[in-house]
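Only one structure is covered here, and it is reproduced in the block below.
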2 protein chains.
Amino acid sequence: MNSSGNSTQLKPTARRIVEQAARLFADQGYDLISMRDIAKACDIKAPSLYHHFSDKQSLYQAVLQAVFAQQNAEIAEVFVTQMAAEEKLHQVILLSARKISSDHVFRQLLWRELLQNDPERMQFLAEEVMAQSCLQLQEILQQIQPNSLQTDSHFAITSVMGLLLFHFQLGAMRQYLPGAQALHQDVDYLAEQIFHMIKSGVVYAPPQRINDK
Amino acid sequence: MNSSGNSTQLKPTARRIVEQAARLFADQGYDLISMRDIAKACDIKAPSLYHHFSDKQSLYQAVLQAVFAQQNAEIAEVFVTQMAAEEKLHQVILLSARKISSDHVFRQLLWRELLQNDPERMQFLAEEVMAQSCLQLQEILQQIQPNSLQTDSHFAITSVMGLLLFHFQLGAMRQYLPGAQALHQDVDYLAEQIFHMIKSGVVYAPPQRINDK
DNA sequence: GTCTATACCGAGATAGAC
DNA sequence: GTCTATCTCGGTATAGAC
(Lines give C-alpha, C1' and ligand atoms only; values in the text may rest on other atoms or scores of the structure.)
Protein backbone atom coordinates (compact mmCIF):
# COMPACT_ATOMS: atom_id res chain seq x y z
CA MET A 1 0.00 0.00 0.00
CA ASN A 2 1.70 3.11 -1.22
CA SER A 3 1.15 6.52 -2.77
CA SER A 4 -1.82 7.03 -0.54
CA GLY A 5 -1.33 10.72 -0.78
CA ASN A 6 1.64 11.92 1.22
CA SER A 7 1.07 15.26 -0.39
CA THR A 8 2.88 18.05 1.32
CA GLN A 9 1.33 21.49 1.89
CA LEU A 10 -1.67 19.91 3.55
CA LYS A 11 -2.26 20.18 7.25
CA PRO A 12 -1.71 16.90 9.07
CA THR A 13 -5.38 16.15 9.67
CA ALA A 14 -6.30 16.97 6.10
CA ARG A 15 -3.43 14.76 5.03
CA ARG A 16 -4.78 11.87 7.08
CA ILE A 17 -8.23 12.36 5.64
CA VAL A 18 -6.92 12.33 2.08
CA GLU A 19 -4.88 9.24 2.83
CA GLN A 20 -7.85 7.29 4.15
CA ALA A 21 -10.17 8.59 1.48
CA ALA A 22 -7.73 7.56 -1.24
CA ARG A 23 -7.73 4.00 0.00
CA LEU A 24 -11.50 3.85 0.23
CA PHE A 25 -12.22 5.58 -3.09
CA ALA A 26 -9.71 3.39 -4.87
CA ASP A 27 -11.22 0.28 -3.41
CA GLN A 28 -14.92 0.87 -3.76
CA GLY A 29 -15.33 3.93 -5.91
CA TYR A 30 -16.61 7.42 -5.38
CA ASP A 31 -20.30 6.59 -5.18
CA LEU A 32 -20.09 3.68 -2.79
CA ILE A 33 -18.02 5.56 -0.24
CA SER A 34 -19.94 7.95 1.96
CA MET A 35 -18.59 10.83 3.95
CA ARG A 36 -19.56 8.82 7.01
CA ASP A 37 -17.31 5.97 5.84
CA ILE A 38 -14.36 8.28 5.40
CA ALA A 39 -15.00 9.94 8.73
CA LYS A 40 -15.15 6.59 10.47
CA ALA A 41 -11.80 5.58 8.94
CA CYS A 42 -10.34 8.80 10.38
CA ASP A 43 -11.95 8.33 13.79
CA ILE A 44 -13.97 11.49 13.53
CA LYS A 45 -17.57 12.32 12.67
CA ALA A 46 -18.74 13.21 9.18
CA PRO A 47 -19.46 16.92 9.74
CA SER A 48 -15.86 17.44 10.81
CA LEU A 49 -14.74 16.61 7.31
CA TYR A 50 -16.43 19.74 6.06
CA HIS A 51 -14.08 21.85 8.09
CA HIS A 52 -11.24 20.61 5.85
CA PHE A 53 -12.97 20.17 2.51
CA SER A 54 -15.92 22.09 1.19
CA ASP A 55 -17.68 19.03 -0.16
CA LYS A 56 -17.21 15.44 -1.27
CA GLN A 57 -16.08 16.36 -4.76
CA SER A 58 -13.36 18.64 -3.44
CA LEU A 59 -12.09 15.86 -1.24
CA TYR A 60 -11.99 13.53 -4.22
CA GLN A 61 -10.07 16.11 -6.23
CA ALA A 62 -7.57 16.42 -3.42
CA VAL A 63 -7.19 12.66 -3.42
CA LEU A 64 -6.45 12.52 -7.14
CA GLN A 65 -4.03 15.40 -6.86
CA ALA A 66 -2.17 13.79 -4.00
CA VAL A 67 -1.99 10.26 -5.37
CA PHE A 68 -1.00 11.24 -8.89
CA ALA A 69 1.55 13.81 -7.78
CA GLN A 70 3.15 11.17 -5.58
CA GLN A 71 3.21 8.66 -8.41
CA ASN A 72 4.67 11.22 -10.74
CA ALA A 73 7.52 11.89 -8.37
CA GLU A 74 8.33 8.23 -7.90
CA ILE A 75 8.25 7.38 -11.58
CA ALA A 76 10.53 10.29 -12.39
CA GLU A 77 13.27 8.69 -10.31
CA VAL A 78 13.40 5.77 -12.69
CA PHE A 79 14.76 7.82 -15.51
CA VAL A 80 17.80 9.38 -13.87
CA THR A 81 20.13 6.42 -14.30
CA GLN A 82 22.84 6.38 -16.91
CA MET A 83 22.85 3.32 -19.16
CA ALA A 84 22.52 2.20 -22.73
CA ALA A 85 19.10 2.95 -24.14
CA GLU A 86 17.95 -0.65 -24.31
CA GLU A 87 18.99 -1.39 -20.76
CA LYS A 88 17.33 1.84 -19.70
CA LEU A 89 14.06 0.74 -21.27
CA HIS A 90 14.44 -2.56 -19.49
CA GLN A 91 14.86 -0.87 -16.13
CA VAL A 92 12.09 1.62 -16.70
CA ILE A 93 9.63 -1.13 -17.47
CA LEU A 94 10.80 -3.30 -14.60
CA LEU A 95 10.55 -0.53 -12.03
CA SER A 96 7.28 0.79 -13.40
CA ALA A 97 5.87 -2.70 -13.26
CA ARG A 98 6.85 -3.11 -9.64
CA LYS A 99 5.38 0.25 -8.82
CA ILE A 100 2.12 -0.20 -10.63
CA SER A 101 1.59 -3.73 -9.43
CA SER A 102 2.19 -2.86 -5.81
CA ASP A 103 0.35 0.43 -5.75
CA HIS A 104 -3.22 -0.71 -5.71
CA VAL A 105 -4.52 2.74 -4.88
CA PHE A 106 -2.89 4.45 -7.82
CA ARG A 107 -3.84 1.72 -10.27
CA GLN A 108 -7.48 1.63 -9.27
CA LEU A 109 -7.88 5.39 -9.32
CA LEU A 110 -6.25 5.59 -12.74
CA TRP A 111 -8.48 2.81 -14.05
CA ARG A 112 -11.51 4.63 -12.67
CA GLU A 113 -10.52 7.89 -14.31
CA LEU A 114 -10.07 6.17 -17.65
CA LEU A 115 -13.58 4.85 -17.22
CA GLN A 116 -15.06 8.31 -16.96
CA ASN A 117 -13.11 9.57 -19.96
CA ASP A 118 -13.93 13.13 -19.11
CA PRO A 119 -11.96 15.46 -21.40
CA GLU A 120 -10.88 17.89 -18.69
CA ARG A 121 -9.71 15.16 -16.38
CA MET A 122 -7.98 13.33 -19.19
CA GLN A 123 -6.03 16.45 -19.99
CA PHE A 124 -5.06 16.82 -16.36
CA LEU A 125 -4.02 13.18 -16.15
CA ALA A 126 -2.06 13.25 -19.37
CA GLU A 127 -0.27 16.52 -18.83
CA GLU A 128 0.24 16.51 -15.10
CA VAL A 129 0.80 12.83 -14.51
CA MET A 130 1.91 11.07 -17.65
CA ALA A 131 3.68 13.69 -19.71
CA GLN A 132 7.10 13.64 -18.04
CA SER A 133 7.43 9.87 -18.10
CA CYS A 134 6.11 9.68 -21.64
CA LEU A 135 8.57 12.18 -23.03
CA GLN A 136 11.50 10.41 -21.47
CA LEU A 137 10.20 7.08 -22.63
CA GLN A 138 9.87 8.51 -26.11
CA GLU A 139 13.48 9.56 -26.06
CA ILE A 140 14.64 6.12 -25.01
CA LEU A 141 12.59 4.42 -27.69
CA GLN A 142 13.96 6.65 -30.40
CA GLN A 143 17.48 5.79 -29.33
CA ILE A 144 16.76 2.10 -29.57
CA GLN A 145 15.25 1.86 -32.99
CA PRO A 146 17.45 1.82 -36.10
CA ASN A 147 17.95 5.31 -37.39
CA SER A 148 16.76 4.43 -40.84
CA LEU A 149 13.21 3.65 -39.72
CA GLN A 150 10.79 5.80 -37.89
CA THR A 151 8.34 3.75 -35.93
CA ASP A 152 5.33 5.27 -34.30
CA SER A 153 6.62 6.44 -30.94
CA HIS A 154 3.21 7.56 -29.73
CA PHE A 155 1.89 4.07 -30.33
CA ALA A 156 4.88 2.54 -28.60
CA ILE A 157 4.51 4.73 -25.54
CA THR A 158 0.82 4.11 -25.14
CA SER A 159 1.42 0.41 -25.63
CA VAL A 160 3.87 0.39 -22.75
CA MET A 161 1.28 2.10 -20.60
CA GLY A 162 -1.44 -0.24 -21.75
CA LEU A 163 0.51 -3.43 -21.20
CA LEU A 164 1.73 -2.38 -17.77
CA LEU A 165 -1.67 -1.25 -16.61
CA PHE A 166 -3.67 -4.11 -18.09
CA HIS A 167 -1.42 -6.97 -17.05
CA PHE A 168 -1.48 -5.86 -13.44
CA GLN A 169 -5.14 -5.00 -13.41
CA LEU A 170 -5.99 -8.45 -14.74
CA GLY A 171 -5.58 -9.86 -11.25
CA ALA A 172 -8.18 -12.42 -10.38
CA MET A 173 -9.13 -13.06 -13.99
CA ARG A 174 -5.73 -14.26 -15.09
CA GLN A 175 -5.97 -17.69 -13.52
CA TYR A 176 -9.07 -18.48 -15.56
CA LEU A 177 -7.51 -17.66 -18.92
CA PRO A 178 -5.80 -20.27 -21.12
CA GLY A 179 -2.19 -21.15 -20.34
CA ALA A 180 -2.03 -19.40 -16.98
CA GLN A 181 0.79 -20.60 -14.75
CA ALA A 182 2.26 -19.70 -11.40
CA LEU A 183 4.91 -17.76 -13.34
CA HIS A 184 2.34 -15.21 -14.34
CA GLN A 185 1.93 -14.06 -10.79
CA ASP A 186 5.54 -12.92 -10.82
CA VAL A 187 5.87 -9.19 -11.43
CA ASP A 188 9.44 -9.35 -12.70
CA TYR A 189 8.61 -12.09 -15.14
CA LEU A 190 5.73 -10.11 -16.62
CA ALA A 191 7.90 -7.02 -16.81
CA GLU A 192 10.49 -9.05 -18.71
CA GLN A 193 7.86 -10.21 -21.20
CA ILE A 194 6.51 -6.71 -21.67
CA PHE A 195 10.03 -5.40 -22.26
CA HIS A 196 10.66 -7.96 -24.97
CA MET A 197 7.37 -7.35 -26.68
CA ILE A 198 7.90 -3.60 -26.79
CA LYS A 199 11.49 -3.96 -27.84
CA SER A 200 10.74 -6.32 -30.70
CA GLY A 201 7.78 -4.19 -31.72
CA VAL A 202 9.99 -1.14 -31.93
CA VAL A 203 13.06 -2.73 -33.45
CA TYR A 204 11.56 -5.02 -36.06
CA ALA A 205 9.55 -4.30 -39.11
CA PRO A 206 7.73 -1.05 -38.55
CA PRO A 207 4.68 -1.27 -40.77
CA GLN A 208 4.97 2.23 -42.13
CA ARG A 209 6.79 5.47 -41.71
CA ILE A 210 5.31 8.34 -39.88
CA ASN A 211 6.23 11.99 -39.65
CA ASP A 212 6.94 11.89 -35.99
CA LYS A 213 7.88 15.46 -35.41
CA MET B 1 -24.00 1.51 -30.73
CA ASN B 2 -24.17 -2.25 -30.74
CA SER B 3 -24.44 -5.34 -28.56
CA SER B 4 -26.92 -3.57 -26.36
CA GLY B 5 -28.38 -6.87 -25.36
CA ASN B 6 -30.37 -8.41 -28.17
CA SER B 7 -30.51 -11.49 -26.00
CA THR B 8 -33.10 -13.94 -27.10
CA GLN B 9 -35.33 -15.81 -24.66
CA LEU B 10 -36.39 -12.56 -23.07
CA LYS B 11 -39.84 -11.15 -23.56
CA PRO B 12 -39.88 -8.04 -25.74
CA THR B 13 -40.46 -5.55 -22.94
CA ALA B 14 -37.78 -7.15 -20.77
CA ARG B 15 -35.53 -7.07 -23.79
CA ARG B 16 -36.14 -3.36 -24.23
CA ILE B 17 -35.46 -2.71 -20.58
CA VAL B 18 -32.16 -4.60 -20.71
CA GLU B 19 -31.19 -2.73 -23.84
CA GLN B 20 -31.77 0.68 -22.29
CA ALA B 21 -30.26 -0.32 -18.96
CA ALA B 22 -27.13 -1.58 -20.71
CA ARG B 23 -26.60 1.75 -22.35
CA LEU B 24 -27.12 3.65 -19.12
CA PHE B 25 -25.06 1.36 -16.90
CA ALA B 26 -22.22 1.34 -19.41
CA ASP B 27 -22.25 5.09 -19.60
CA GLN B 28 -22.58 6.14 -16.00
CA GLY B 29 -22.12 3.04 -13.91
CA TYR B 30 -24.34 0.97 -11.69
CA ASP B 31 -24.51 3.38 -8.78
CA LEU B 32 -25.27 6.54 -10.70
CA ILE B 33 -28.18 5.03 -12.60
CA SER B 34 -31.41 4.76 -10.67
CA MET B 35 -34.35 2.53 -11.43
CA ARG B 36 -36.21 5.73 -12.17
CA ASP B 37 -33.64 6.63 -14.83
CA ILE B 38 -34.01 3.27 -16.50
CA ALA B 39 -37.78 3.45 -16.33
CA LYS B 40 -37.76 6.88 -17.92
CA ALA B 41 -35.61 5.62 -20.78
CA CYS B 42 -38.20 2.89 -21.34
CA ASP B 43 -41.15 5.27 -21.10
CA ILE B 44 -42.61 3.52 -18.09
CA LYS B 45 -42.60 4.15 -14.35
CA ALA B 46 -40.08 2.66 -11.98
CA PRO B 47 -42.37 0.17 -10.20
CA SER B 48 -43.15 -1.48 -13.53
CA LEU B 49 -39.55 -2.62 -13.76
CA TYR B 50 -40.08 -4.86 -10.78
CA HIS B 51 -42.61 -6.86 -12.70
CA HIS B 52 -39.76 -7.99 -15.02
CA PHE B 53 -36.79 -8.08 -12.67
CA SER B 54 -36.82 -8.82 -8.97
CA ASP B 55 -34.40 -6.03 -8.11
CA LYS B 56 -31.72 -3.74 -9.49
CA GLN B 57 -28.96 -6.31 -9.13
CA SER B 58 -30.87 -8.88 -11.13
CA LEU B 59 -31.39 -6.39 -13.89
CA TYR B 60 -27.68 -5.64 -13.93
CA GLN B 61 -26.89 -9.34 -14.12
CA ALA B 62 -29.25 -9.68 -17.06
CA VAL B 63 -27.49 -6.78 -18.75
CA LEU B 64 -24.06 -8.38 -18.36
CA GLN B 65 -25.36 -11.71 -19.54
CA ALA B 66 -26.96 -10.20 -22.62
CA VAL B 67 -24.12 -7.90 -23.64
CA PHE B 68 -21.36 -10.44 -23.13
CA ALA B 69 -23.25 -13.28 -24.81
CA GLN B 70 -23.81 -11.05 -27.80
CA GLN B 71 -20.16 -10.06 -27.92
CA ASN B 72 -19.08 -13.66 -27.62
CA ALA B 73 -21.20 -14.64 -30.60
CA GLU B 74 -19.86 -11.83 -32.76
CA ILE B 75 -16.24 -12.44 -31.93
CA ALA B 76 -16.59 -16.14 -32.66
CA GLU B 77 -17.42 -15.33 -36.28
CA VAL B 78 -13.98 -13.88 -36.76
CA PHE B 79 -12.29 -17.22 -36.38
CA VAL B 80 -14.11 -19.26 -38.98
CA THR B 81 -12.15 -18.02 -42.01
CA GLN B 82 -9.55 -20.16 -43.68
CA MET B 83 -6.19 -18.50 -44.16
CA ALA B 84 -2.55 -18.75 -43.26
CA ALA B 85 -1.98 -18.32 -39.53
CA GLU B 86 -0.32 -14.94 -39.79
CA GLU B 87 -3.05 -13.50 -41.98
CA LYS B 88 -5.59 -15.00 -39.65
CA LEU B 89 -4.04 -13.20 -36.70
CA HIS B 90 -4.09 -10.03 -38.73
CA GLN B 91 -7.80 -10.38 -39.46
CA VAL B 92 -8.69 -11.38 -35.94
CA ILE B 93 -7.02 -8.30 -34.54
CA LEU B 94 -8.46 -6.02 -37.18
CA LEU B 95 -12.03 -7.22 -36.71
CA SER B 96 -11.74 -7.33 -32.93
CA ALA B 97 -10.42 -3.79 -33.00
CA ARG B 98 -13.35 -2.59 -35.06
CA LYS B 99 -15.75 -4.36 -32.79
CA ILE B 100 -14.27 -3.19 -29.51
CA SER B 101 -13.80 0.37 -30.68
CA SER B 102 -17.35 0.70 -31.94
CA ASP B 103 -19.08 -1.12 -29.13
CA HIS B 104 -18.94 1.44 -26.40
CA VAL B 105 -21.40 -0.47 -24.24
CA PHE B 106 -19.40 -3.67 -24.21
CA ARG B 107 -16.10 -1.92 -23.64
CA GLN B 108 -17.32 0.17 -20.75
CA LEU B 109 -19.01 -2.73 -19.02
CA LEU B 110 -15.92 -4.88 -19.41
CA TRP B 111 -13.71 -2.10 -18.05
CA ARG B 112 -16.07 -1.70 -15.12
CA GLU B 113 -16.01 -5.39 -14.35
CA LEU B 114 -12.21 -5.42 -14.39
CA LEU B 115 -12.36 -2.61 -11.89
CA GLN B 116 -14.32 -4.65 -9.39
CA ASN B 117 -12.02 -7.64 -9.79
CA ASP B 118 -14.48 -9.89 -8.02
CA PRO B 119 -13.27 -13.52 -8.27
CA GLU B 120 -16.67 -14.99 -9.16
CA ARG B 121 -17.38 -12.43 -11.84
CA MET B 122 -13.85 -12.75 -13.21
CA GLN B 123 -14.36 -16.48 -13.57
CA PHE B 124 -17.65 -15.89 -15.35
CA LEU B 125 -16.08 -13.32 -17.65
CA ALA B 126 -13.04 -15.44 -18.43
CA GLU B 127 -14.82 -18.71 -18.99
CA GLU B 128 -18.07 -17.57 -20.51
CA VAL B 129 -16.88 -14.59 -22.51
CA MET B 130 -13.16 -14.83 -23.22
CA ALA B 131 -12.37 -18.52 -23.25
CA GLN B 132 -13.45 -19.39 -26.80
CA SER B 133 -11.67 -16.49 -28.42
CA CYS B 134 -8.58 -17.03 -26.31
CA LEU B 135 -8.21 -20.69 -27.19
CA GLN B 136 -8.49 -19.99 -30.88
CA LEU B 137 -6.09 -17.12 -30.58
CA GLN B 138 -3.68 -19.39 -28.77
CA GLU B 139 -3.82 -21.87 -31.61
CA ILE B 140 -3.08 -19.21 -34.20
CA LEU B 141 -0.16 -17.86 -32.21
CA GLN B 142 1.38 -21.28 -31.85
CA GLN B 143 1.18 -21.79 -35.59
CA ILE B 144 3.00 -18.54 -36.20
CA GLN B 145 5.98 -18.90 -33.99
CA PRO B 146 8.97 -21.01 -35.05
CA ASN B 147 8.58 -24.58 -33.86
CA SER B 148 11.91 -24.56 -32.11
CA LEU B 149 10.92 -21.88 -29.58
CA GLN B 150 8.08 -21.87 -27.19
CA THR B 151 7.02 -18.39 -26.32
CA ASP B 152 4.57 -17.70 -23.57
CA SER B 153 1.19 -17.98 -25.24
CA HIS B 154 -0.73 -16.93 -22.17
CA PHE B 155 1.23 -13.71 -22.09
CA ALA B 156 0.70 -13.18 -25.79
CA ILE B 157 -3.05 -13.70 -25.56
CA THR B 158 -3.51 -11.37 -22.63
CA SER B 159 -1.33 -8.81 -24.35
CA VAL B 160 -3.61 -8.85 -27.36
CA MET B 161 -6.57 -8.29 -25.07
CA GLY B 162 -4.77 -5.58 -23.17
CA LEU B 163 -3.61 -3.67 -26.22
CA LEU B 164 -7.00 -3.83 -27.91
CA LEU B 165 -8.89 -2.80 -24.83
CA PHE B 166 -6.50 -0.10 -23.67
CA HIS B 167 -5.90 1.60 -26.98
CA PHE B 168 -9.61 2.03 -27.58
CA GLN B 169 -10.40 2.99 -24.02
CA LEU B 170 -7.76 5.70 -24.14
CA GLY B 171 -10.17 7.92 -26.06
CA ALA B 172 -10.06 11.50 -24.93
CA MET B 173 -6.67 11.15 -23.24
CA ARG B 174 -4.79 10.17 -26.38
CA GLN B 175 -4.65 13.66 -27.87
CA TYR B 176 -2.83 14.98 -24.82
CA LEU B 177 -0.04 12.39 -24.94
CA PRO B 178 3.26 12.95 -26.77
CA GLY B 179 3.34 12.30 -30.48
CA ALA B 180 -0.40 12.03 -30.99
CA GLN B 181 -1.56 12.56 -34.55
CA ALA B 182 -4.78 12.35 -36.49
CA LEU B 183 -3.67 8.88 -37.58
CA HIS B 184 -4.19 7.58 -34.09
CA GLN B 185 -7.91 8.12 -34.33
CA ASP B 186 -8.02 5.56 -37.10
CA VAL B 187 -9.13 2.16 -35.88
CA ASP B 188 -7.57 0.22 -38.72
CA TYR B 189 -4.23 1.93 -38.27
CA LEU B 190 -4.13 1.10 -34.58
CA ALA B 191 -5.12 -2.48 -35.35
CA GLU B 192 -2.25 -2.69 -37.80
CA GLN B 193 0.19 -1.44 -35.19
CA ILE B 194 -1.11 -3.86 -32.60
CA PHE B 195 -0.80 -6.72 -35.07
CA HIS B 196 2.82 -5.91 -35.77
CA MET B 197 3.72 -5.55 -32.15
CA ILE B 198 2.16 -8.87 -31.22
CA LYS B 199 3.63 -10.59 -34.24
CA SER B 200 7.15 -9.37 -33.63
CA GLY B 201 6.80 -10.14 -29.94
CA VAL B 202 5.84 -13.70 -30.71
CA VAL B 203 8.22 -14.34 -33.57
CA TYR B 204 11.42 -12.77 -32.32
CA ALA B 205 13.61 -13.60 -29.41
CA PRO B 206 11.46 -15.21 -26.75
CA PRO B 207 13.20 -14.41 -23.52
CA GLN B 208 12.89 -17.87 -22.08
CA ARG B 209 11.23 -21.21 -22.63
CA ILE B 210 8.14 -22.22 -20.84
CA ASN B 211 6.36 -25.53 -20.41
CA ASP B 212 3.28 -24.41 -22.20
CA LYS B 213 1.19 -27.51 -22.00
C1' DG C 1 -11.56 21.72 15.19
C1' DT C 2 -14.95 18.61 16.51
C1' DC C 3 -19.26 17.60 18.00
C1' DT C 4 -24.92 16.74 18.15
C1' DA C 5 -28.97 17.52 15.89
C1' DT C 6 -31.29 17.99 11.93
C1' DA C 7 -32.90 19.45 7.23
C1' DC C 8 -33.47 17.71 2.87
C1' DC C 9 -33.42 14.72 -0.80
C1' DG C 10 -33.48 10.79 -3.77
C1' DA C 11 -32.58 6.05 -3.68
C1' DG C 12 -34.70 0.97 -3.78
C1' DA C 13 -38.59 -1.34 -3.07
C1' DT C 14 -43.68 -2.71 -1.96
C1' DA C 15 -48.97 -2.47 -1.73
C1' DG C 16 -52.77 -2.55 -4.06
C1' DA C 17 -55.98 -0.33 -7.60
C1' DC C 18 -56.89 -0.64 -12.49
C1' DG D 1 -48.47 -5.27 -17.06
C1' DT D 2 -48.58 -0.69 -15.54
C1' DC D 3 -49.86 2.64 -12.56
C1' DT D 4 -50.15 6.02 -7.95
C1' DA D 5 -49.01 6.38 -3.42
C1' DT D 6 -46.04 5.43 0.02
C1' DC D 7 -42.52 3.32 3.19
C1' DT D 8 -37.89 3.22 4.75
C1' DC D 9 -33.30 4.12 4.56
C1' DG D 10 -28.97 6.39 4.00
C1' DG D 11 -26.81 9.90 1.51
C1' DT D 12 -24.78 15.11 1.48
C1' DA D 13 -24.61 19.02 3.78
C1' DT D 14 -25.59 22.82 7.37
C1' DA D 15 -26.48 25.18 12.01
C1' DG D 16 -24.81 26.17 16.00
C1' DA D 17 -23.00 24.61 20.76
C1' DC D 18 -18.61 23.55 22.91
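Worth knowing before you read on, the calculation uses all heavy atoms, side chains too, and leaves out hydrogens, waters and symmetry mates. Note that this is a predicted model, so its numbers are computed, not measured. Residue numbering restarts at 1 for every chain, and letters A, B, ... go by the order of the sequence lines.
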Looking at the side chain of B/M35, which of C/dG12, D/dG11, D/dC3 is the nearest nucleotide? C/dG12

Answer yes or no: does a side-chain N or O of A/R36 lie under 4.0 Å from OP1 or OP2 of D/dG11? yes

C/dG1 OP1/OP2 closer than 4.0 Å to side-chain N/O of A/S48: no

From CD1 of A/I33 across to P of D/dG11 the rounded distance in Å is 10 Å

B/K45 vs D/dC3: side-chain N/O to OP1/OP2 distance below 4.0 Å: no

From D/dC3, C/dC3, C/dT14, pick the nucleotide closest to the side chain of A/I44? C/dC3

Sidechain N-carboxylate O distance under 4.0 Å for B/R15, B/E19: yes

Take the protein atom OH of A/Y50 and the nucleotide atom C1' of D/dG16, then report the distance between them rounded to whole Å. 17 Å

Does a donor on one side chain sit under 3.5 Å from an acceptor on the other, for B/Q132 and B/Q136? no

Could you state the atom-to-atom distance from CZ of B/F53 to P of C/dT14 in whole Å? 15 Å

Whole angstrom value for the distance that separates P of C/dA11 from CD of B/Q57: 17 Å

Ring geometry between B/F155 and A/H167 (parallel below 30°, tilted from 30 to 60°, perpendicular above 60°): parallel

Mapping A/L32 and A/P47 to their closest nucleotides on DNA chain D, which lands nearer the 5' end? A/L32

note: B/L49, atom CG; C/dG12, atom P; distance rounded to Å ~ 10 Å

Please report the distance, rounded to the nearest Å, between CG in A/D37 and P in D/dG11. 6 Å

At under 4.0 Å, does any side-chain N or O of A/H52 touch on OP1 or OP2 of C/dT2? yes

Does a side-chain N or O of A/H51 approach OP1 or OP2 of C/dG1 to a distance below 4.0 Å, or not? yes

Once you round it to whole Å, what is the distance between P of D/dA13 and CD1 of A/I38? 10 Å

Examine C/dG10: is either OP1 or OP2 under 4.0 Å from a nitrogen or oxygen in the side chain of B/S34? Give yes or no. no

Apply side-chain hydrogen bond (donor to acceptor under 3.5 Å, both in side chains) to the pair B/H154 and B/Q138, showing each step before the final yes or no. CA-CA 8 Å; B/H154 171 80; B/Q138 189 174 39; over 6 Å; no

Mind telling me whether B/F25 and B/Y60 have parallel, tilted or perpendicular rings, with 30° and 60° as the class edges? perpendicular

Starting at CG of B/D55 and ending at C1' of C/dA11, how long is that distance when rounded to a whole Å? 14 Å

side-chain N/O B/K56 vs C/dA11 OP1/OP2, d < 4.0 Å: no

